[in-house]
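Treat the numbers as computed from the prediction; the structure is a model and nothing was measured. Letters go in sequence order (proteins before strands), and every chain restarts at 1.
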Amino acid sequence: MRNAEIADALSELATLYELDGANRFRVLAYRDAARVIRDSPLPVAELAREGTATRLQGVGETLQQKIVALLDEGEIPSTTKLKRKYPATLVEVTRIPGVGAKTTRRLFEELGIATLDDLRDAADEQRIRTLKGLGAKVEENVLAQLDRLGDKGPGPRRLISEVLPIAEQLAATLRAHPASERVEIAGSARRGTETCKDIDLIATAKKPVELAAALAEHPLAAEAGNPGDAGARITTHNGIPVDLRIVEPGAFGNLLQHFTGSADHNVQLRELALKKGLSVSEHGITNTETGKVTKCKTEAQVYRRLGLPYVEPELREGTGEISAAREGELPELVELVDVRGDMHCHTTLSDGLNSLEEMVAAARARRYSYLAITDHSASHGFGNDVTPDALRRRIEDVHALDRKLRGFKVVAGSEVNIHPNGSLDYADDLLAELDWVIASVHTSFRISAKRMTDRFIAAMDHPSVDCIGHLTGRQILTREPYDVEVERIVEKALETGTMLEINGNPRRRDLSEHHARLAAEAGVRIVLNTDAHRVETLANMRFGVMTARRAWLSADQIANTGSWRSFSRLRKRVRSGG
DNA sequence: GCCGTTTTCGGCCCGACTGTTTTCAGTCG
C-alpha cells in the first residue's frame, strides 16, 4: 500500500474523530501523521510491518498499530466503527469551506444531512437557518461553495511555473510604482513548492492606498476587492487569487516571515519561542513576562530575536530546519548561479523544437560551460526514431561543433529507454561511443515495484549508463509516480557510481525533494537537468534548483556545479576525449 | 495521540474573520 493511501486513511479517520467530538489534539496528531507519511520517501507500510514506522516524527505506537491493521484488514477498525455512527459522506461535507466538523455534525443530527446533495437541498429550502446560530448567510455560502465545487473543485492548485511569473510581474509593477518602498513575494511561491494555490505579496509604502489601488487596477486583475491602506485583494483573469498586504516598515520582517510560512514551520517556531518566553505573531515578538513587543524590519531580525540564524524560505517546511538552525547545522544551499551546465536536453533530431546549434547557443547565452545533447533513443514514439546510424552521425556532428568552440564543451549523449526487462535501446558498442548516457523509463509503467526497481538496477549495472532520468515518471497534478523502491535505487546508485537526476521540468521535479534529500544524504551524486525540448525551457533550471534547495542540497552535492573537467571526473566511466 | 536541553505527565501557535451574537464559537490560513 502506498504512503498516499495510508495518509488518506488516517486523514479520513481524523475527520471521523473530529465529527465524534474527540480531543482536538488527537485529531491534530492524526492529521500531522498523515502529512508526514504522505511526504516520506520511505515505504511506510513496510516500516510499520517491521515496527520502525515510529521513527517518523509524529507516528507513535498507536498509529503504527493502526497502520498494520489497515494493511491486514483493508480498513482501520476505529474507522469501521465510526462509520456506523457517521456516514462516510459526512467527510465530504466537512470539506465545504466554512463548514467544519462541528457544523457538519449538527446538520447531520438535527437535520439528517448526510451528503452534499442533502446539504444543497437544505440550503435551497432554507432549512439550515432553523438551527440556532446558523442563518441565511450560511445558506448563501453553502450554495456558492457547492456551485464552485461543481465547476472545478475547491481552489485548484497550479504548477509554480504558472503562478510564479505572474507573482513576479505583479511585484515588479508594484516596485516600480512611486508609492512603494519594499515589495516581496511571500507564501508557497517564495518557498518554491511544486504547486501554489494563490499569491501573497507583502509591501511597505509611502502611500499605502495608492499602492493598493495600483494592484486593483492592474491589467491582470479580473476582479478586485476594495483597496485600502492595509492592502488589496484581486483575482487574475486566469483565476489566481492575489493578496497584497501593506505594513509599516518597522514590522515588515514579521509580516513577511508570517506569510511565507509554512504553517508547520511557523507552529514549530512559535513553540520554540514560547520556551524562551516569547510569543510570535505577524505583528511582532512579545515578551510574555513584560508584554514588551519587538518589531523587526527584516526576517533575519525575527530569527535572531529567537536565537536562530536566518532560515532560507525553501527550508521552512517543519522538516528539521529549526533544530538544525539551533545546532548551527543549516546547509549552505545551492543557487542558480552555481550551475555550470545542463546534462539533459533534446533537439529536432528526436522531439525537440530547436537544432543542436540553437540549443548550444542558448546554453552559452546562459553562461554555461557545457551542454549535453541527449535526444531520445525513441524506440517508442518520441518524434523521429533516432536510428543507430542517425546517432552515429549526431555524435560526429557534436564532436565537430565542440572542436570549433573555445571554452565550451558540447557533450554527445542520449536519453536511452530502459526496456521492461532492464535492457537498453542501443547496442553496447554504440552506447560506449557516447560521452554521456541517461537511462529513463518511458513505457510499461504499470509493473510491480519490484520489477520496476529491478529494471532500473539492471540499467545502473550497465557500464555506459551515467545517470538515471526522472526516476518516478510522475507528472505533478496529472500522473502518479510509478512504483519504485527508492531505497534500493539509492543503494545501487552508490554502489555503481550512477548519478540521479533532478529533472527541472516544473511538471516533473523528479527526483522529488524528498527523494533527492534521501539520495544525497546517502552520498549519491545529483545532477540538475532541465530536459529542455526548446531553447526557452533551458530556463527551467530554476525549478530544479528549487527542488534541490528544498532537499537541503549544497553545491558540492551536485555534480554540474563544477567545471566540465571536474564533472567529468565524477562520472563512473572515464571516457576518451573527455 | 504525540512527545521531552525546563516534562514519561501535562502540555500541545496565533490571530483574523465571519456570522451570529450581546461576548463568542467555529473556521481558516
* For V27(A), report the nucleic acid contact type (base, sugar-phosphate, nothing); a contact means any heavy atom under 4.0 Å. => nothing
* Is there a donor in the side chain of H515(A) and an acceptor in the side chain of T472(A), or the other way round, less than 3.5 Å apart? -> no
* Have a look at L269(A) and say if it touches a base, only the backbone sugar-phosphate, or nothing, with a 4.0 Å heavy-atom cut-off. => nothing
* Of the listed nucleotides dG29(B), dG1(B), dG19(B), the one nearest the side chain of H258(A) -> dG29(B)
* To do: Would you indicate what A136(A) reaches in the nucleic acid, counting non-hydrogen atoms under 4.0 angstrom: base, sugar-phosphate, or nothing?
  => sugar-phosphate
* Asked: If you pin V280(A) and E327(A) to their nearest nucleotides in DNA chain B, which one's is more 5'?
  -> E327(A)
* **Side-chain N,O (H283(A)) to OP1/OP2 (dA16(B)) below 4.0 Å** => yes
* Structure fact -> dT6(B) glycosidic conformation (syn if within 90° of 0, otherwise anti) is anti
* Asked: Over how many whole Å does the gap from K275(A) atom NZ to dG11(B) atom P extend?
  -> 14 Å
* Candidates R190(A), R550(A), R549(A) - the one meeting salt bridge (charged side-chain N to carboxylate O under 4.0 Å, His left out) with E314(A) -> R549(A)
* Asked: Has S279(A) got a side-chain N or O lying under 4.0 Å from the OP1 or OP2 atom of dC14(B)?
  -> yes
* Applying ring pair (Phe, Tyr, Trp, His ring centres under 6.0 Å), name anything that partners F108(A), two or more places apart in sequence or on another chain. => none
* To do: Report the residue (A101(A) or R326(A)) whose heavy-atom-nearest nucleotide on DNA chain B is the more 5′ of the two.
  => R326(A)
* Asked: Which of the following nucleotides, dG15(B), dC12(B), dC2(B), is nearest to the side chain of L63(A)?
  -> dC2(B)
* To do: Check every atom of dG15(B), dG1(B), dT20(B) against the side chain of K137(A) and return the nucleotide holding the closest atom.
  => dT20(B)
* To do: Quick one: look up who dG15(B) pairs with, Watson-Crick or G-U, both distances under 3.5 Å, and put none if it's unpaired.
  => dC28(B)
* Asked: CZ of F259(A) versus C1' of dC14(B): gap in Å, rounded?
  -> 11 Å
* To do: Measure from CD on Q57(A) to C1' on dC3(B) and round the result to the nearest Å.
  => 8 Å
* Under 4.0 Å: is that the gap between some side-chain N or O of R26(A) and OP1 or OP2 of dG1(B)? -> yes
* Looking for any heavy atom pair under 4.0 Å, which part of the strands does I96(A) touch: base, sugar-phosphate only, or nothing? -> sugar-phosphate
* Name the nucleic acid region contacted by L134(A), choosing base, sugar-phosphate or nothing; use a 4.0 angstrom heavy-atom cut-off, strictly under. => sugar-phosphate
* d(NZ, K197(A); P, dC28(B)) in whole Å -> 12 Å
* To do: Say whether, by atom type as modelled, one donor and one acceptor occur between the side chain of D20(A) and the main chain of A22(A) under 3.5 angstrom.
  => no
* Starting from P on dC14(B), measure out to CD on Q268(A) and report it in whole angstrom. => 14 Å
* Asked: Are any side-chain N or O atoms of N254(A) and backbone N or O atoms of C296(A), one a donor and one an acceptor, separated by less than 3.5 Å?
  -> yes
* **Atom-to-atom span, NZ of K132(A) to C1' of dT22(B) - whole angstrom** => 11 Å
* Asked: Under 4.0 Å between a side-chain N/O of T103(A) and OP1 or OP2 of dT27(B), yes or no?
  -> yes
* Pick base, sugar-phosphate or nothing for N23(A), based on heavy-atom distances below 4.0 Å to the nucleic acid. => base
* **Check: L256(A) main-chain N/O paired with T260(A) side-chain donor or acceptor under 3.5 Å** => yes
* Rounded to the Å, how far apart are R191(A) CZ and dG29(B) C1'? -> 11 Å
* To do: Round to the nearest Å and state the distance from D264(A) atom CG to dC28(B) atom P.
  => 17 Å
* Asked: Between dG15(B), dC28(B), dG1(B), which nucleotide gets closest to the side-chain atoms of Y17(A)?
  -> dG1(B)
* Whole-angstrom distance between dA25(B) and dT20(B), as gauged at atom C1' -> 10 Å
